[in-house]
Amino acid sequence: MQHISVNSPTLVAGGASSLPEYQRPLSFYGLAPSDDITIEEFENFSFQRLEMLRKIESKATRGLTSEEESKKLADELRNVFNLSTPEGRRQDVISHHTLRLAFSAPDRRSWFVKMESDLLSLRLRFGGDVKQFIESNGMHMEPVSRSNFATLASDLDAVRAQLSAADQKMVRVPLTPDAVSKVPFAEASELVWKRSVLLRDGYAYVFNALLLPVIISRYRLALRRGLQAASNQVPTIQDSHTQLGSLFGALQKYDPGANYEPSGGTVDLASLDMLAKRSFPLCMRYLKGVMDTDHKLKHWGRQQYGLFLKGIGITLPDALQYWQSHFTRVMSDKDFDRNYAYNIRYNYGKEGKRTDWSPYSCSAILNMQPPVASDDRHGCPFRELSATQLTGMVTAELESANLPDAKERIEEVTSLAARNHYQLACKALWEASRPVPTHSPDGGAELREKPAVTHPNEYFDAAEAYRKALEVEREVGGVMPVAVDETM
RNA sequence: GGCGGC
DNA sequence: GCCGCCAACATA
Ligand code: SF4
């Protein structure tokens, strides 16, 4: 059996599980394993952990995040690595560090960080001890002095009164200075979001009973640093241990998040449906709809939509495959190659004068040859669609976001369009389902601050940025702000 | 879609 | 019939 070690000097004294990295049941995994680990162990442990993370993901994507579901999940996960035994802790640490290496590439980090932080959160919530975790890991939480506390006490009481019932139960009633910590604003974003903290001078005053999100926030930061470091180690490790290469290869194939997180500037074809639904401007959503039903698009529609797709990060091979797969449903492969493939490559700067053409702006789109043929689908729907069609599309889009004020929003959008304010209508639609977050950073502010949409890709980018800003909250179990209309 | 070449 | 090359810019 082939023994290998991640760290070069191997030390084994009195059994591996007495090593410092295996002492605490829960940690930020700051210490890498230093004992001998067999290939089989690497494989078994890391695949078991990957299974755990995938379970967490699948629960989350199916929306099973209630207290009961979370508890069930936590119980299930406890059976994978038994953290109350030294060997279970060893397996936990080894598997974590193996996956760090496998998920260290920049475009694979987010998924791993999210799942690992969910895992730690579950473990601490069900069966863990936050206070003990903080102590045993030497985490520093800045205490509040007696005199400072005196000035905050009444405000803290007010905050406590607003807590959810469950949280309120956790905070002991006569508040004392040692029941509160002073935390940098950024580390308490989820609590700020839920208005569970008192804000003063750029700091958040957090009830110690509710410190979990702060821990998770620090964990995410530490983990991101660790992944950065791990990515530097990967080449060395793969050089000295070729056996690990195939393990990493296998682990990569198991990455479930790879094709749904549009990261690293390129976008996977598989995520197109999802992206269209959540972030395409109306014109592009419309063109995509035509592609999905008719599998063809006339020339200017291809230009408008194709360049937009390039702009959001569809690669040339994917673009060729995308158009080909649709067009060949209504024509031969040969016809597609002869008449359309060249133009797609040309738009990507791979033919002729090799210019990387930029996607059309709104004014370019508004200014194109008007669609005359009955099957011309290009242009701006706010101008080209009949009032009935437009209302239908806008309604469909806003209904899926189920807003309290959908009626008014639809009316606002369609009446702007009727007055020929197409780009204003477009922006009103963007805003309708994207209320300004009260606390979290306003992703998409670039667009919100402008009066009108000026570019379809700007619409898309701002929509994605908005989503991403909210994601920060959701990663630590926060609330979506669509439900955040509580004006108080 | 237009222009151009054979 | 075969093929290559190009491209828009007011919309408060
Ligand atoms: S305003 Fe611009 S982005 Fe919006 S639908 Fe019209 S062309 Fe597309």
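In what follows, every chain begins at residue 1, and chains take the letters A, B, ... in the order their sequences are listed.
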### Query
Does OH in Tyr203(A) sit with more than 12 non-hydrogen atoms of other residues, nucleotides or ligands closer than 6.0 Å?
no
### Query
Looking only at heavy atoms, which two atoms of Thr454(A) and Gln423(A) are closest? And how far apart?
CA-NE2, 3.6 Å
### Message
Counting primed atoms plus P, OP1 and OP2 as sugar-phosphate and everything else as base, spell out the protein contacts along nucleotides 1-6 of chain B at 4.0 Å heavy-atom distance: B, S or - for each nucleotide, 5' to 3'.
### Response
B-----
#### Entry: Residue Tyr346(A), side-chain heavy atoms: nucleotide from dA8(C), dC2(C), dC5(C) that is nearest
dC5(C)
### Message
It should be established whether Lys353(A) places a side-chain nitrogen or oxygen under 4.0 Å from OP1 or OP2 of nucleotide dA7(C).
### Response
yes
### Query
Which part of the nucleic acid, if any, lies within reach of Thr355(A) when heavy atoms closer than 4.0 Å are counted: base, sugar-phosphate only, or nothing?
nothing
### Query
Think Tyr342(A) has a side-chain N or O under 4.0 angstrom from the OP1 or OP2 of dC5(C)?
yes
### Task
Heavy atoms only: give me the nearest Arg434(A)-Arg448(A) pair and the separation to one decimal.
O-NH1, 3.0 Å
### Message
Measure CH2/Trp357(A) against C1'/dA8(C) and give the value in whole Å, please.
### Response
10 Å
### Task
Please report, rounded to the nearest Å, how far the C1' atom of dA7(C) is from the CD1 atom of Ile344(A).
15 Å
## Note on the structure
Looking only at heavy atoms, the pair that brings Phe149(A) and Val144(A) closest together is N-CG1, 3.8 Å
## Note on the structure
Rounded to whole Å, the CG-P distance (Leu307(A) to dC6(C)) equals 15 Å
Protein N or O to nucleotides 9-12 of chain C N or O, pairs below 3.5 Å:
from    : atom 1 : to        : atom 2 : distance (Å)
dC9(C)  : OP1    : Asn367(A) : ND2    : 2.1
dA10(C) : OP1    : Asn367(A) : ND2    : 3.1
dT11(C) : O4     : Arg383(A) : NH1    : 3.2
dA12(C) : OP1    : Gln423(A) : OE1    : 3.3
dA12(C) : OP2    : His421(A) : ND1    : 2.9

### Task
Using whole Å, report how far NZ of Lys334(A) lies from C1' of dC2(C).
11 Å
### Query
Which pair of heavy atoms, one from Ile215(A) and one from Phe28(A), lies closest together, and at what distance?
O-CZ, 3.6 Å
### Task
Please examine the side chains of Lys288(A) and Asp273(A), heavy atoms only from C-beta on, and report whether any two atoms are closer than 4.5 Å.
yes
### Task
Would you mind reading off the distance between Asn347(A) atom CG and dC5(C) atom C1', rounded to a whole angstrom?
11 Å
### Task
Measure from the ring center of Phe103(A) to the ring center of Trp111(A) and say whether it is less than 6.0 Å.
yes
#### Entry: Nearest heavy atoms of Ile365(A) and Cys380(A), plus distance in Å
CG2-N, 3.7 Å
### Query
Tell me: CG of Asp335(A) to P of dC3(C), nearest whole Å?
10 Å
### Message
What I want to check is whether the side chains of Arg419(A) and Ser415(A) have a donor and an acceptor closer together than 3.5 Å.
### Response
yes
## Note on the structure
Separation of dA8(C) atom P from Gln303(A) atom CD, nearest Å, is 10 Å
### Query
For Glu351(A) and dC3(C), what is the distance between atoms CD and C1' respectively, to the nearest whole Å?
12 Å
